[in-house]
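For clarity, every value in this text was computed on a predicted model and none was experimentally measured. Whatever order the structure lists ligands and atoms in, that order sets their numbers, starting from 1.
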Amino acid sequence: MSPFTDQAVLVTGATDGIGLLAAERLARLGARVLLHGRDPAKLRAALARVPGSTPLIADLSDLRQVERLADAVADGPRLALLVNNAGVGSGGPSGRRETSVDGYELRWAVNFLAPFALTEGLLARAGGGPAAVVNVASLGQAPLDLDDPGLEQSYGGSLAYARSKLALVTWTLDLAARRPELGVNALHPGTYLDTRMVRDAAIAPRGTAESGADAVVEVARRTVTGEVRGVFFDRDQPSRALGEAYDPKLQERLRRVAQAEVERALQRDAGGVART
Ligand SMILES: NC(=O)c1ccc[n+]([C@@H]2O[C@H](COP(=O)([O-])OP(=O)(O)OC[C@H]3O[C@@H](n4cnc5c(N)ncnc54)[C@H](OP(=O)(O)O)[C@@H]3O)[C@@H](O)[C@H]2O)c1
């Protein structure tokens, strides 16, 4: 029997690319899939491809919507698995700096702050949050600058993407150390796979989106079965992230920076002004 049979599984960014294919596979393996998307029309199209799934809508560049997403998930059955897959790519060579609804650099916000807020928010709620978490990161990693997480001094799309992904891996390892009961791993799903993110960056794809979904599902299997935890995978092989991701002091500092950014965003009123 599949370890996903009758298990509630949430996949973020399940409206396209690797996330949609992984959601289809998890459903075929018996999971009760919660499909997350931000665009109602794309979410309807995805639902038609994943029979029996449940839709959840939230723009992950808005931390209030992330919080509402956590509330909606917490109202349902306990998650056996959360796959933090949604992400924004580098934007290509001419990509300009963009900001989230909360005013944070967009890649930092969607690729790191949103999965951080969703997962930590669920774990902090009564009911215990997910039993296992898989973070879809990347081999594209760059050292963090926590004095300038928004790259306000000097911006590059690839640098912003790579920092957001190293932050995601660093927090994955922090979670694994802090929460011994939680199955948690991160992975690089493959290099320049044929998805919209890669095509939008004007990069010639070198692999299929299907191979990325295969890697996500295999790492998910090893995570929910407790076979391995606290590991960064290169596709389905245990690998090594950039060295600083393993530094407990950096992990703690990153967690504090992220917590403060999330709290600040949630204290803003609807007009975007911080409440005093
Ligand atoms: N493709 C690769 O070669 C590769 C390599 C390394 C890592 N990855 C990682 O794999 C993951 C999946 O990427 P992909 O290649 O499958 O890209 P994709 O086809 O562009 O899919 C990205 C998904 O994220 C969602 N998303 C983006 N911004 C969002 C926001 N603000 N709120 C909610 N959802 C949002 C998209 O929603 P919409 O459908 O509404 O746009 C889509 O469902 C990402 O984390 C990416 O960084 C990919």
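Side-chain polar atoms of Asp39 and Thr15 form no donor-acceptor pair below 3.5 angstrom. Between the side chains of Asn185 and Thr223, at least one donor N or O lies within less than 3.5 Å of an accepting N or O. A donor atom on one side chain and an acceptor atom on the other are found under 3.5 Å apart for Ser164 and Asn111.
Counting non-hydrogen atoms of neighbouring residues, nucleotides and ligands closer than 6.0 angstrom, the OH atom of Tyr155 exceeds 12 such neighbours.
Considering OG of Ser154 and CG of Asp145, their distance stands at 10.0 Å, rounded to 0.5 Å.
Checking side-chain atoms of Asn85 against main-chain N and O of Gly13 turns up a donor-acceptor pair under 3.5 Å.
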What does the N/O contact table under 3.5 Å look like for ligand 1?
unit_1	atom_1	unit_2	atom_2	d
ligand 1	1 (N)	Thr195	OG1	3.2
ligand 1	3 (O)	Tyr192	N	3.2
ligand 1	3 (O)	Leu193	N	2.6
ligand 1	15 (O)	Thr195	OG1	2.6
ligand 1	16 (O)	Ile18	N	2.8
ligand 1	20 (O)	Arg196	NH2	3.4
ligand 1	20 (O)	Met197	N	3.4
ligand 1	24 (O)	Gly87	N	3.3
ligand 1	31 (N)	Asp59	OD1	3.0
ligand 1	32 (N)	Leu60	N	2.9
ligand 1	37 (O)	Thr15	OG1	3.4
ligand 1	39 (O)	Thr15	OG1	2.7
ligand 1	39 (O)	Lys42	NZ	2.7
ligand 1	40 (O)	Arg38	NE	2.9
ligand 1	41 (O)	Arg38	NH2	2.8
ligand 1	41 (O)	Arg196	NH1	3.2
ligand 1	41 (O)	Arg196	NH2	2.9
ligand 1	43 (O)	Gly13	O	3.2
ligand 1	43 (O)	Thr15	OG1	2.8
ligand 1	45 (O)	Asn85	O	2.7
ligand 1	45 (O)	Lys165	NZ	2.9
ligand 1	47 (O)	Tyr161	OH	2.7
ligand 1	47 (O)	Lys165	NZ	3.0

